[in-house]
Amino acid sequence: MNVQALLIDWNLMRFVRLGLGVYIGMQAFETQSILSGLLAAFLLYQVVTNNSCCAANACAIPKNKNNSYTNPDAEYEEITSK
């Protein structure tokens, strides 16, 4: 993983995960809670790798969508009523 991957594609949920991960991590350190530390580590892992809870980014929106396909051989038939 390079540094540029960390600097691109920041959205609201990534900032929320970063804030929650840091806050829960500080609370886990103060209270010596292992479970909270694991949750904080999981949230911070999601921030670093830009992943979400969805498996294999199934809910991600594709970055580039190619809509340039046109069917040049389209045939049209006019239907009229008598």
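Computed from heavy atoms alone, side chains included, the values below leave out hydrogens, waters and symmetry copies. Every value quoted in this text rests on a predicted model; they were computed, and no experiment measured them.
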Single-linkage hydrophobic cluster, 4.5 Å side-chain cutoff, [X] and [Y] together:
X   : Y   : answer
L38 : L43 : no
M26 : L44 : yes
Y45 : L39 : no
F29 : I24 : no
L20 : F15 : no

Between V48 and R14, which heavy-atom pair has the shortest distance, and what is it?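 Heavy atoms of V48 and R14 come nearest at O-NH2, 3.9 Å.
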Mind listing the closest non-hydrogen atom pair of A40 and G21 along with its distance?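 Looking at all heavy atoms of both residues, the closest pair is CB-O, 3.5 Å.
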From R17 atom CZ to L12 atom CG, the distance as rounded to the nearest 0.5 Å: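 Atom-to-atom, R17:CZ and L12:CG are 10.0 Å apart.
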